[in-house]
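The sequence lines fix the lettering, A, B, ..., with proteins before strands; numbering per chain opens at 1. Atoms considered below: every heavy atom in the structure, side chains included; atoms not considered: hydrogens, waters and symmetry mates.
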Amino acid sequence: MLKIKMTDFKKQVFAVVKKIPKGKVLTYGQVAQKLGNKNLARAVGNALNKNHNKSVPCHRVVRGDGRVGGFNRGIKNKIVILKKEGVKIINGKIY
DNA sequence: CCCCTGACACTTA
DNA sequence: ATAAGTGCCAGGG
């Protein structure tokens, strides 16, 4: 029934993102680097965007510029969640 | 197999 | 600081 069509790459991304501790945020580049290639930043975002798994704290993944990036649930929601976690966000910027 | 899209990062102007 | 261009990779049609 559940046909988990998770490609290895996606699984890797989720594994790393799931490891992100509360109140902490990693950049797509950091996650990509953990996967073995910092250039995978794009692919990382792609995986999260196509897989809005609530089991994955995708809201803890931000851009390298300090911006939040995006969130399939609503970027606004992402910011609120992060702030609740303890992350300081000013003007939509990760502090 | 080819083409396009995308929640990025970096460099140059 | 902002804008535009380039490079990288994976997924979907």
Side-chain angles (χ1 to χ4, degrees):
Chain A
M1 32 106 40
L2 267 336
K3 187 135 60 105
I4 45 210
K5 220 141 79 38
M6 291 279 229
T7 54
D8 294 329
F9 178 70
K10 277 162 132 186
K11 286 199 274 197
Q12 287 167 89
V13 177
F14 295 136
V16 175
V17 176
K18 278 178 184 179
K19 284 168 192 157
I20 302 176
K22 177 166 124 33
K24 180 74 166 213
V25 291
L26 283 178
T27 67
Y28 296 96
Q30 290 297 305
V31 177
Q33 189 154 41
K34 281 170 192 289
L35 297 178
N37 270 308
K38 65 174 165 73
N39 299 5
L40 288 173
R42 242 181 192 164
V44 172
N46 243 69
L48 294 170
N49 169 243
K50 287 170 171 170
N51 292 277
H52 52 91
N53 237 316
K54 65 175 175 45
S55 306
V56 182
C58 33
H59 57 264
R60 289 194 191 141
V61 187
V62 297
R63 289 192 23 167
D65 303 274
R67 286 289 183 186
V68 291
F71 198 48
N72 23 37
R73 287 322 234 175
I75 184 60
K76 188 91 166 175
N77 196 326
K78 181 174 181 175
I79 296 171
V80 175
I81 295 169
L82 284 170
K83 284 175 85 170
K84 265 179 188 279
E85 298 276 295
V87 179
K88 221 73 156 174
I89 301 178
I90 301 176
N91 219 351
K93 207 3 196 115
I94 302 295
Y95 194 70

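The pair A:R67-A:D65 does not count as a salt bridge, with every side-chain nitrogen at least 4.0 angstrom from each carboxylate oxygen.
Where A:K50 and A:N39 each meet DNA chain C at their nearest nucleotide, the meeting point lying more 5' is that of A:N39.
A single hydrophobic cluster is seen to contain both A:I20 and A:Y28, as judged by linkage of ILVMFWY side chains at heavy-atom distances under 4.5 Å, directly or through other members.
Using a 4.5 Å heavy-atom cutoff, the side chains of A:K34 and A:Q12 are not in contact.
Summarising the geometry of A:M6 relative to A:N53, their closest heavy-atom pair is CE-ND2, 4.0 Å, with the distance given to 0.1 Å. Nearest heavy atom pair, residue A:F14 against residue A:L48, reads CE2-CD2, 3.8 Å.
Between the side chain of A:K78 and the backbone N or O of A:V61 there is at least one donor-acceptor pair closer than 3.5 Å.
Annotation: the span from A:K38 atom NZ to A:L40 atom CG amounts to 10.5 Å, rounded to 0.5 Å.
Around atom NZ of A:K10, more than 12 heavy atoms belonging to other residues, nucleotides or ligands sit under 6.0 Å away.
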When you compare the protein's N or O atoms with those of nucleotides 9-12 of chain B, which come within less than 3.5 Å of each other, and at what distance?
unit_1, atom_1, unit_2, atom_2, d
B:dA9, OP1, A:G64, N, 2.5
B:dA9, OP2, A:G64, N, 2.8
B:dA9, OP2, A:D65, OD2, 3.4

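Using a 4.0 Å heavy-atom criterion, one finds that A:L40 contacts the sugar-phosphate atoms exclusively.
Of all nucleotides in DNA chain C having an atom under 4.0 Å from a heavy atom of chain A, the first and last in 5' to 3' order are C:dG7 to C:dG11.
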